[in-house]
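This report refers to the structure that appears directly beneath it.
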Amino acid sequence: MATKKEIHSSVEDKYIIDVERFDKERLSFKFLIIDKFFEKKSENLMNLKEKEIFEKILLLEKELDNSENSENNLLKQFVLPGTSLIEAVFRILVLNKNQPMTISEMEINLREAWATVIYLKSYTHDTIERMLNAPNEYFIKKIED
């Protein structure tokens, strides 16, 4: 018979960006997203709700799909080989509309984005878990069940 602890450990933890923490720290989550994802910044973007900004990011993918190089996608465009691991995870969560993700899901995205430099990057499950469970500048946190 499995104990409660064994059952809990078999379910992977999920992580999100703590948007409320940005507000508490007097930082702008929206500005950070706009700065990292949009070349042309406008006042109109700051007036949008977070959900609307996520939708605008997905529209960027439709533009890429219509371009000649169909191999491009948002993941490869915004999670570049030179991107730090914590920023890459932040961008992956943003591209996922800040829906809770497991470390395994993040690893799949990292493998796809960094396929050409996989041997240069250390992003094992343990590395990512230690990074996310420590305080970080993107306020990524484990969600409580």
Side-chain angles (χ1 to χ4, degrees), residues 1-25 27-41 45-46 48-145:
M1 186 165 118
T3 66
K4 188 174 183 178
K5 186 175 184 179
E6 289 173 275
I7 293 169
H8 179 70
S9 66
S10 67
V11 177
E12 257 194 279
D13 292 326
K14 292 190 176 194
Y15 295 82
I16 61 167
I17 302 163
D18 185 354
V19 177
E20 291 173 3
R21 178 83 186 275
F22 276 87
D23 292 338
K24 287 179 188 171
E25 299 291 333
L27 299 169
S28 174
F29 178 67
K30 283 195 292 188
F31 180 81
L32 186 60
I33 293 174
I34 291 166
D35 187 52
K36 293 188 180 297
F37 287 87
F38 296 93
E39 281 184 29
K40 296 178 184 174
K41 294 153 181 60
L45 289 172
M46 282 301 288
L48 297 175
K49 294 179 181 174
E50 287 158 20
K51 183 179 177 182
E52 295 169 320
I53 292 174
F54 291 139
E55 295 301 323
K56 287 262 189 204
I57 292 171
L58 293 181
L59 288 176
L60 295 173
E61 187 165 38
K62 288 181 183 174
E63 291 173 17
L64 286 174
D65 289 343
N66 294 331
S67 70
E68 291 179 21
N69 190 355
S70 61
E71 191 174 319
N72 281 338
N73 64 39
L74 284 180
L75 188 61
K76 288 183 179 179
Q77 181 177 347
F78 291 110
V79 183
L80 301 172
T83 306
S84 70
L85 182 58
I86 188 66
E87 182 156 340
V89 169
F90 170 79
R91 290 175 181 222
I92 287 167
L93 285 166
V94 169
L95 291 172
N96 195 47
K97 298 181 181 180
N98 200 28
Q99 296 300 307
M101 292 182 78
T102 65
I103 292 174
S104 296
E105 292 168 328
M106 293 174 199
E107 287 175 303
I108 291 167
N109 283 271
L110 288 166
R111 261 187 245 114
E112 183 180 334
W114 290 344
T116 58
V117 293
I118 199 164
Y119 59 92
L120 297 175
K121 298 281 188 176
S122 173
Y123 56 88
T124 64
H125 192 281
D126 290 341
T127 302
I128 296 170
E129 185 175 38
R130 274 193 313 274
M131 176 188 72
L132 294 179
N133 289 330
N136 61 75
E137 67 262 35
Y138 294 108
F139 307 122
I140 298 169
K141 69 173 188 173
K142 185 181 349 180
I143 61 170
E144 303 299 324
D145 293 332

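What you find for T102 and E105 is that their closest heavy atoms are N-OE1, 2.7 Å. Residues M46 and S28 come closest through the heavy atom pair CE-OG, 3.7 Å. The two residues I128 and Y123 make their nearest non-hydrogen contact at CD1-O, 3.5 Å. Smallest separation of non-hydrogen atoms from A113 and K76: CA-CG, 4.2 Å. Here the shortest heavy-atom pairing between M106 and M101 reads CE-O, 3.7 Å. Counting all heavy atoms, side chain and backbone alike, Q99 lies closest to I16 at C-CG2, 4.1 Å.
E20 has no carboxylate O lying under 4.0 Å from a charged side-chain N of K24, or vice versa, which leaves the two without a salt bridge. Using a cut-off of 4.0 Å between Lys/Arg side-chain N and Asp/Glu carboxylate O, E55 and K97 are scored as salt-bridged. For the pair E87 and R91, the salt-bridge criterion is met [side-chain N within less than 4.0 Å of a carboxylate O].
Within a 6.0 Å radius of NZ in K56, no more than 12 heavy atoms belonging to other residues, nucleotides or ligands are found. Counting heavy-atom neighbours within 6.0 Å of F38 CZ, excluding the residue itself, gives a total above 12.
Between Y138 and F90, the ring planes lie parallel to each other; the angle is under 30°, not in the 30° to 60° tilted range. Aromatic ring orientation, F78 versus F37: tilted (interplanar angle from 30° to 60°).
The structure places CG of L95 at 10.0 Å from CD1 of I33, a figure rounded to the nearest 0.5 Å. The distance from the CG atom of L59 to the CD atom of E52 is 11.5 Å, given to the nearest 0.5 Å. To the nearest 0.5 Å, the span separating CD1 on I103 from CG on N133 amounts to 6.5 Å. In this structure, CG in D13 is found 8.5 Å from CD1 in I143, a value given to the nearest 0.5 Å. With rounding to the nearest 0.5 Å, the separation of CG in L80 from CG in L75 is 10.0 Å. To the nearest 0.5 Å, atoms CD1 (I34) and CG (L45) are separated by 4.5 Å.
Taking 4.5 Å as the limit, every side-chain heavy atom of L27 sits out of range of all side-chain heavy atoms of L32. In this structure, the side chains of V89 and Y15 stay at 4.5 Å or more apart for every pair of heavy atoms. With contacts defined as side-chain heavy-atom distances shorter than 4.5 Å, the pair I140/I86 qualifies.
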| request: Please lay out, stage by stage, how N98 and E50 fare under the test side chain to side chain donor-acceptor pair (under 3.5 Å). | output: CA-CA 10 Å; N98 200 28; E50 287 158 20; over 6 Å; no
| request: Give the C-alpha distance, both sets of side-chain angles, the deciding distance and a yes or no for side-chain contact (heavy atoms from CB on, under 4.5 Å) between L85 and L110. | output: CA-CA 9 Å; L85 182 58; L110 288 166; 3.8 Å; yes
